[in-house]
Amino acid sequence: MDMQVKKKKLGLKEKYAHMTRGLDWQPSYQTKEAVFPYATYEGIKVHDWDKWEDPFRLTMDAYWKYQAEKERKLYAVLDAFAQNNGHLGLTDARYLNAVKLFLTGISPLEYMAHRGFATAGRNFPGVGPRVACLMQAVDEIRHSQTQIHAISNYNKYYNGFHDFKHMLERVWYLSVPKSFFDDAFSAGPFEWMVAIGFSFEYVLTNLLFVPFMSGAAYNGDMATVTFGFSAQSDEARHMTLGLECIKFMLEQDPDNVPIVQKWIDKWAWRGVRVLSLVSMMMDYMLPKRVMSWKEAWEIYFEQNGGALFNDLARYGIKMPECLSRASIDKEHASHQTWSILYQYGGAAAFHTFMPSDEEMDWLSAKYPNTFDKYYRERFTYWREQEQKGNRFYNNTLPMLCQVCQVPMAVTEPDNMLQISYRESDYKGEKYHTCSDGCKQIFDDEPEKYIQAWLPVHQIYMGNCFPEGTDPTVEGFDPLAKVLEWYHLVPGKDNMDYNGSEDQKNFNAWRGLATKND
Amino acid sequence: MAVKAISKYEFAPADSVDKFHGAQLLYVCWDDHLMFCSPLAYCLPPNTPFRDLCEKILPKSYGYHPDWAQVDMSKATWLKSGQPFAVDMDKTLGELGLKHKDVLRFKTPGLNGLNGSGF
Amino acid sequence: MSKVFIALQTNEDSRPIVEAILADNPLAEADYQPAMVKVSAEDTLVIKRETIEELIGRDYDLQEIQVNMITMSGYLDEDEDEFRLSWKN
């Protein structure tokens with residue numbers, strides 16, 4: 001008689017051990033130091049790489065299985081979206097400007113993250129982190145590809161989606177996210193892990209992906225919410241890797257603690273400054289809002305990050321000091337950043353607009369301490385001027401922070417009417433930063449930040465015009481030439497949403513979709 | 001502190017004055033007028049008269065603001081890097097000792113933004 | 001005391017998972033937001049394979065959660081039977 005004996009499978013822990021250990025070999029004709037040249041120069045001491053364990057215990061076979069399932073689900077939704085004129089289900093085409101910012105400012109960073117994790121994986125001498133970095137490198141390129149595929153649907157109908165890669169390396173505000181990743185990528189593998197694996201993935205991506213993607217769902221953007229959550233399902237694993245990496249470094253040697261602390265301080269603040277762009281996406285660019293930036297900050301940073309830092313206290317790690325500053329800024333970040341993009345909206349790659357009365361009421365309910373006190377009057381004035389045909393565009397380039405590269409619009413924590421200036425001298429040259437956090441980062445590694453590619457300075461050096469441009473000719477219009485170099489058509493790809501081609505087309509097409517003519 | 005690196009880490013600054021074709025950067029901010037979100041960046045030859053800055057250049061940038069029409073630049077008070085700074089309309093930027101990437105702020109007494117709001 | 005949480009996409013795959021979490025963690029709370037549900041609890045949250053299997057009537061591999069998970073907070077410890085999130089102090 002046949003007996004069906006269920007073959008005893010390996011337990012998860014055993015399987016993980018088999019598939020992530022003993023895969024290595026000892027180099028024979030090269031030294032280990034020559035094979036892993038970046039493993040020690042940052043000062044991190046590792047005594048036992050085998051202490052590294054991925055808590056998900058994910059192995060490559062399971063990884064391919066689940067990732068394939070995610071892809072099948074995602075592309076089914078994207079097909080349905082494209083086949084059913086999904087873009088007409090949006091609340092309003094104003095929303096698409098957030099997606100444009102996402103495509104130009106975030107998707108290329110996913111690609112950088114892919115390169116960064118591939119490099120980190122190559123440079124770690126331990127097998128555990130190498131396997132984890134490999135998976136994350138594959139995840140990140142998937143994110144970049146799926147975002148480009150999903151968003152390309154909009155490129156068939158709307159302006160501003162046409163040349164994200166070209167723009168990333170040129171358009172002024174895109175230097176903010178780009179320089180963040182360049183900074184991390186040019187650091188060593190351990191700093192990269194703290195910068196991206198920990199500060200960005202664990203502490204900050206929740207603020208980007210979770211409420212914003214939920215917002216995409218709320219605004220009828222099935223394509224974005226699907227790639228967003230599909231990406232975010234990987235992020236949970238990335239966060240775990242980031243946290244594991246921190247824990248590993250802290251447990252390996254007490255000498256690692258101050259180094260890790262310095263990196264956490266630096267990258268928490270770098271992250272906060274980049275996220276000022278996300279703050280305005282949430283508060284101003286979503287026609288239907290899920291939660292305010294401030295609420296998201298409180299839930300995902302103050303509560304969640306707070307729990308994390310409470311826990312890391314046992315290693316001697318402290319909450320970065322600059323974050324108390326960020327808790328003041330949470331009341332201002334989105335309003336101040338939107339003011340920047342609104343007034344320089346003639347040089348942006350998306351449309352800007354002033355909130356309606358109803359939207360301002362929402363903002364004042366969500367920001368009872370600051371919106372009516374500081375911002376309502378400003379935005380009401382700008383809106384009135386726009387209605388009179390006198391829409392405000394700042395016609396002079398702004399001063400930028402040497403570190404975060406955001407225009408110097410941050411105000412003093414105790415005086416919201418005073419721009420904060422911080423200055424450093426290095427080798428006879430002056431450098432300006434927007435905050436104590438950015439100044440500290442500059443002063444710690446001036447040699448790195450003096451190389452910053454600051455868009456405003458580059459324009460003045462004459463490096464941002466199409467080839468063959470002669471800036472000395474009579475009547476030279478620098479802005480027109482810069483936009484040409486950006487591959488942006490003024491008025492079509494940018495300036496105010498009201499009166500734009502996107503607005504007219506969306507309204508006309510939606511009309512056709514709901515009526516028989 | 002030095003950057004930790006595997007070899008010598010030394011670079012020329014990306015924005016040194018020699019790259020600006022004879023001009024230099026000057027940042028200017030009109031205090032109490034946050035309609036302009038941040039200080040403005042100008043690229044000017046050092047022989048630019050300070051008067052030209054006040055009478056030709058700044059009006060193009062700030063003229064949109066309703067306060068600007070009432071501004072009397074001869075009464076403006078100036079700060080350089082946060083310290084009081086004596087200006088002279090008849091001197092050039094160079095003669096006033098303004099260097100590449102200096103930052104100037106000015107206040108216009110009695111004019112503090114729309115309805116005195118700092119905007 | 002700190003909160004741990006897990007957020008899942010709202011769909012038919014995650015409905016029984018959320019149900020199982022709420023059954024196994026009496027103090028857990030579910031917060032439904034557009035397209036997602038976030039389940040949080042003080043200090044610890046456990047997802048048990050057996051409970052999910054009872055609800056869906058088939059074998060379940062806890063790693064399947066990966067497909068629908070959005071984010072989480074806390075240290076994870078996962079084996080065949082349990083997916084446990086907790087803070088250590």
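Chain letters run A, B, ... following the sequence lines, proteins first, then strands; residues in each count from 1. No experiment lies behind these values; they were computed from the predicted model shown.
- For the options C/V4, C/I65, C/I70, heavy-atom pairs under 4.5 Å to chain A are most numerous at C/I70.
- Residue C/D31: no heavy atom, backbone or side chain, is found under 4.5 Å from chain A.
- For A/E71, the CD atom counts as densely surrounded, since its 6.0 Å shell holds more than 12 non-hydrogen atoms of other residues, nucleotides or ligands.
- Listed here is the closest heavy atom pair of A/P55 and C/L76: CB-O, 3.0 Å.
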Any chance you could lay out the side-chain contact (heavy atoms from CB on, under 4.5 Å) test for A/Y300 and C/S73, step after step, and finish with the verdict? CA-CA 10 Å; A/Y300 291 106; C/S73 167; over 6 Å; no

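- Using a 4.5 Å cut-off between heavy atoms, C/D13 contacts chain A through its side chain alone, with no backbone atom that close.
- Looking at A/V210, both its backbone and its side chain come within 4.5 Å of chain C, counting heavy atoms on both sides.
- Of the residues considered (A/R237, A/H238, A/E244, A/E235), A/R237 shows the highest number of contacts with chain C, using heavy-atom pairs under 4.5 Å.
- Atom OG of C/S86 is separated from atom CG of A/D311 by 8.5 Å, given to the nearest 0.5 angstrom.
- Note that CG of A/D234 and CD of C/Q66 are 8.5 Å apart. Values are rounded to the nearest 0.5 Å.
- More than 12 heavy atoms of other residues, nucleotides or ligands sit less than 6.0 Å from atom CD of C/E42.
- Between A/L308 and C/W87 the shortest heavy-atom distance is CA-CH2, 3.6 Å.
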Evaluate the side-chain contact (heavy atoms from CB on, under 4.5 Å) criterion for residues A/L12 and C/Q63: first the C-alpha distance (whole Å), next the side-chain angles of each, then the deciding distance (0.1 Å), finally the verdict. CA-CA 10 Å; A/L12 197 57; C/Q63 288 194 329; 3.5 Å; yes

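- Highest contact tally toward chain A, considering only C/M72, C/E80, C/Q9, C/M36, is held by C/E80 [criterion: heavy-atom pairs under 4.5 Å].
- Of all heavy-atom pairs between C/V67 and A/S233, the closest is O-CB, 4.1 Å.
- Here the CG atom belonging to C/L8 is positioned 10.5 Å from the CZ atom belonging to A/F229, to the nearest 0.5 angstrom.
- Looking at A/Y16, neither its backbone nor its side chain comes within 4.5 Å of chain C, counting heavy atoms on both sides.
- One finds a salt bridge joining A/R57 and C/D77 here, because a Lys/Arg side-chain nitrogen approaches an Asp/Glu carboxylate oxygen to under 4.0 Å.
- Neither the backbone nor the side chain of C/A7 has a heavy atom closer than 4.5 Å to any heavy atom of chain A.
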Walk me through whether A/K73 and C/N68 qualify under side-chain hydrogen bond (donor to acceptor under 3.5 Å, both in side chains). CA-CA 10 Å; A/K73 287 180 63 168; C/N68 296 300; 2.8 Å; yes

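- In this structure, A/S214 contributes its side chain and C/P34 its backbone to a donor-acceptor pair below 3.5 Å.
- For A/L74, no part sits under 4.5 Å from any heavy atom of chain C, backbone or side chain.
- Contact of A/M291 with chain C is made through the side chain alone, with heavy-atom distances under 4.5 Å.
- To the nearest 0.5 angstrom, A/K65 atom NZ is 6.5 Å from C/E64 atom CD.
- In this structure, the side chains of A/K247 and C/Y75 come closer than 4.5 Å at one or more pairs of heavy atoms.
- When each of A/Q303, A/E53, A/K70 is scored by its heavy-atom pairs under 4.5 Å with chain C, the top score falls to A/K70.
- Of the inter-residue distances, the one linking C/K38 atom NZ with A/I299 atom CD1 reads 5.0 Å to the nearest 0.5 angstrom.
- Across all non-hydrogen atoms, the minimal contact from A/N310 to C/S2 is ND2-OG, 3.8 Å.
- Remark: C/T71 OG1 to A/Q232 CD distance equals 5.5 Å, nearest 0.5 Å.
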